[in-house]
Novice: 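Structure incoming, see below.
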Amino acid sequence: MDRTAGRHRLRADRPAPALRRRHHDPRALRPGRRGPQPQRLTPRTDPEAGLPVLVWIHGGGYVAGSAASPWYDGSAFNRDGVILVSLGYRLGIEGFLHLDDAPDNRGVRDWIAALEWVRDNIARFGGDPSRVTVAGQSAGGGAVQTLLAVPAARDLFRSALSVSGAVMRPDGPEVARAASRLFTARTGVPANAAALRDLSDDELLDLQDRMGAPGPDREGLPPLLSLAPLADGELIPEPVLDALTTGDGGSDVPLMLGFTAHEFNAFPAPGPDGPPVPVLLEALGLPKDRLASFTTAYGAGDPAALFGQALTDVTFRAPSLALADARAARRRPTWLYEFAWESPVNGTAFHCLDLPYAFDLLDAEGVAAVAGEAPPRALADAMHRAWVSFVRDQDPGASWPRYTADERATMVWDAASRVERDPLHRVREIWLG
């Protein structure tokens, strides 16, 4: 390992690597390694073209993932006149663990550094720095929401696209300090840069795995995300969802957001010796007086399926719906969708299934294994076309109206895609009250 590089891994101003005009072999980078990673930019074009730009932030729970997935190939966007930039960033401990002697939100600072690079350099590749859309999925979708709440990022993009966005809640300093205490208690390593900067990648990942394991000592921490952006009062002045729902975060930025119908439904529930379903649902934040409404809405069948649906709702669907509702109430330009097409492989619309459709990559490596041998081409055409329109025009097209407080028009992506009026009312009634 380069120990000199290790000494810089926890700095605030670690520079993003230079972008290259080539696609990277997805096998070249092991998912879950530390970022920033090599980035990817398409297409080769006239520097005077002034094309719109899509900056893509990968997911992985803020602890894993890679910009080099074949599902992030920008060829279809290239074909349709959009430049795609995929970026990497510091993950896990390096990017998000609160340390006493290092700046917080180091991964967020990497996102900002990459957007600044785009602002300063994208014209050389034919892009227009005033026509940048920032987008991402899962943790990347949470990154998009976070950037909307960061004043330092405000002038770096004009529109935003949050796909299955996940934001840590609560996300204040007290949670960050609790995560640091858990890290030290479990690993014996002080939560400071001096103790971590010279460790190898494998050593850091081992510490991260030990910190992330389940256990009763995690009480008080978010169930899924404990290494994630935090409201530090400086770079992120207030909790992200507060900034976006009651504050001025992203107030004038057109936002498209949505999720799949069954994001985490396959997430394993505790076994027969674990807590009963009502206890699990209450732990996820479902009030006791809404348990009957939940089981009526989703059926009182398999406990694992109910737990998975609750996890899907509380992590993705309810927060995004609350964000869309708050923006609609304040007349902010918003478009909401649900990806409802169910894969014949397992009969659900699960986490990440929508990505090959949005990127128009149905022939990419691994797609047939999750979407079957004959995924609907018309769905990919329609979904990708809406994304291109949004990046180009800040509007997904005439067939998809804005989400407003009166109509709550929602695009339902399916084999026969359609706009429905408030199809997510049950999620609102159960989880948002």
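Positions are given from 1 along the sequence. It should be emphasised that the depicted structure is a prediction, and the values quoted were computed from it without experimental measurement.
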Novice: Considering only NZ, NE, NH1 and NH2 on the basic side and carboxylate oxygens on the acidic side, decide whether Glu338 and Arg317 come within less than 4.0 Å.
Specialist: yes
Novice: Taking only residues two or more places apart in sequence, or in another chain, which ones meet Tyr357 in a ring pair (Phe, Tyr, Trp, His ring centres under 6.0 Å)?
Specialist: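 For Tyr357, the residues satisfying ring pair (Phe, Tyr, Trp, His ring centres under 6.0 Å) (neighbours in sequence not counted) are Phe339, Trp341.
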Novice: Is there a donor-acceptor contact under 3.5 Å from the side chain of Ser159 to the main chain of Thr133?
Specialist: no
Novice: Could you tell me whether Asp110 and Arg106 have a side-chain N and a carboxylate O separated by less than 4.0 Å?
Specialist: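 Salt bridge absent between Asp110 and Arg106.
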Novice: Does His98 have its ring centroid less than 6.0 Å away from the ring centroid of Phe183?
Specialist: no
Novice: Looking at every heavy atom in both Ala261 and Gln309, which two are closest together, and how far apart are they?
Specialist: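 Heavy atoms of Ala261 and Gln309 come nearest at O-NE2, 3.6 Å.
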Novice: After noting the C-alpha distance and the side-chain angles of Ser75 and Asp73, does the key distance pass the side-chain hydrogen bond (donor to acceptor under 3.5 Å, both in side chains) rule?
Specialist: CA-CA 6 Å; Ser75 299; Asp73 186 292; 2.5 Å; yes
Novice: Hey, are Arg154 and Asp252 close enough for a salt bridge, meaning a charged N less than 4.0 Å from a carboxylate O?
Specialist: yes
Novice: Is the backbone of Phe350 close enough, under 3.5 Å, to the side chain of His262 for a donor and an acceptor to pair up by distance?
Specialist: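 No, because the side chain of His262 does not come within donor-acceptor range (under 3.5 Å) of the backbone of Phe350.
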Novice: Could you tell me which residues satisfy ring pair (Phe, Tyr, Trp, His ring centres under 6.0 Å) with Phe157, sequence neighbours excluded, listed by chain and number?
Specialist: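 Phe157 satisfies ring pair (Phe, Tyr, Trp, His ring centres under 6.0 Å) with no other residue.
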Novice: Would the distance check show the side chain of Arg392 and the main-chain N or O of Arg131 forming a donor-acceptor pair, the cut-off being under 3.5 Å?
Specialist: no
Novice: Between the side chains of Arg377 and Asp360, is the shortest nitrogen-to-carboxylate-oxygen separation below 4.0 Å, so that they form an ion pair?
Specialist: yes
Novice: Taking atom types as modelled, is there a side-chain donor on Thr348 or Asn346 under 3.5 Å from an acceptor on the other?
Specialist: yes
Novice: Applying salt bridge (Lys or Arg N to Asp or Glu O under 4.0 Å) to Asp381 and Arg385, what does each step give before you reach the verdict?
Specialist: CA-CA 6 Å; Asp381 291 344; Arg385 183 167 57 248; 5.8 Å; no
Novice: Quick one: does any side-chain atom of Trp400 pair with a main-chain N or O of Ala409 as donor and acceptor, under 3.5 Å?
Specialist: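 Between the backbone of Ala409 and the side chain of Trp400 there is no qualifying donor-acceptor contact (under 3.5 Å).
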Novice: Hey, are Ser138 and Ser164 close enough side-chain-wise for a donor-acceptor pair under 3.5 Å?
Specialist: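 No - no donor-acceptor pair under 3.5 Å links their side chains.
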Novice: Donor-acceptor check, side chain of Arg327 to backbone of Thr334, threshold 3.5 angstrom: yes or no?
Specialist: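 It does not hold such a pair.
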Novice: Please find the pair of heavy atoms, one from Gln137 and one from Cys352, that lie closest to each other, and give the distance.
Specialist: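 Of all heavy-atom pairs spanning Gln137 and Cys352, the closest is NE2-SG, 3.4 Å.
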Novice: Between Arg402 (side chain only) and Trp335 (backbone N and O only), is there a donor and an acceptor less than 3.5 Å apart?
Specialist: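 Not a single qualifying donor-acceptor pair exists.
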Novice: Would you check if the side chain of Asp395 reaches a backbone N or O of Gly397 as a donor-acceptor pair within less than 3.5 Å?
Specialist: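 A pair under 3.5 Å: yes.
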Novice: For Asp422, enumerate each residue passing the salt bridge (Lys or Arg N to Asp or Glu O under 4.0 Å) test, keeping only those at least two apart in sequence or located in another chain.
Specialist: Arg408, Arg428
Novice: Is any side-chain N of the basic residue among Asp414 and Arg418 closer than 4.0 Å to the acidic one's carboxylate O?
Specialist: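 Between Arg418 and Asp414 there is a salt bridge, with a charged N closer than 4.0 Å to a carboxylate O.
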Novice: Determine whether the side chains of Glu203 and Ser200 contain a donor N or O and an acceptor N or O closer than 3.5 Å.
Specialist: yes
Novice: For the CG atom of Leu227 and the CG atom of Leu91, what is their distance to the nearest 0.5 Å?
Specialist: 10.0 Å
Novice: Parallel under 30°, tilted from 30 to 60°, perpendicular over 60°: which one fits the rings of Tyr62 and Phe96?
Specialist: perpendicular
Novice: Apply the side chain to side chain contact (heavy atoms under 4.5 Å, CB included) test between Leu148 and each candidate in Val253, Val134, Leu323; give the one that qualifies.
Specialist: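 With Leu148 as partner, side chain to side chain contact (heavy atoms under 4.5 Å, CB included) holds for just one option, Val253.
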Novice: Measure the acute angle between the ring planes of Trp111 and Tyr89, then classify it against the limits of 30° and 60° as parallel, tilted or perpendicular.
Specialist: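 Answer is perpendicular, since the angle exceeds 60°.
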Novice: Taking the side chain from Thr312 and the backbone from Gly308, do they hold a donor-acceptor pair closer than 3.5 Å?
Specialist: yes
Novice: For Leu230, is there any backbone N or O sitting under 3.5 Å from a side-chain donor or acceptor partner on Asn105?
Specialist: yes
Novice: Regarding Asn265 and Tyr298, do their side chains bring together a donor and an acceptor under 3.5 Å, going by distance alone?
Specialist: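 There is no such pair (donor and acceptor under 3.5 Å, judged by atom type) between the side chains of Asn265 and Tyr298.
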Novice: Ring-plane angle category for His351 and Phe316, please: parallel below 30°, perpendicular beyond 60°, tilted otherwise.
Specialist: tilted
Novice: Would you check if the side chain of Thr295 reaches a backbone N or O of Ala292 as a donor-acceptor pair within less than 3.5 Å?
Specialist: yes
Novice: Can you tell me how the ring of Trp56 sits relative to the ring of Phe359, calling it parallel under 30°, perpendicular over 60° and tilted otherwise?
Specialist: perpendicular
Novice: Does any donor atom in the side chain of Gln145 or Ser162 lie under 3.5 Å from an acceptor atom in the other side chain?
Specialist: yes
Novice: Check the surroundings of atom CG in Asp248: do more than 12 heavy atoms from other residues, nucleotides or ligands lie under 6.0 Å from it?
Specialist: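 No - once you tally the heavy atoms of other residues, nucleotides and ligands closer than 6.0 Å, there are 12 at most.
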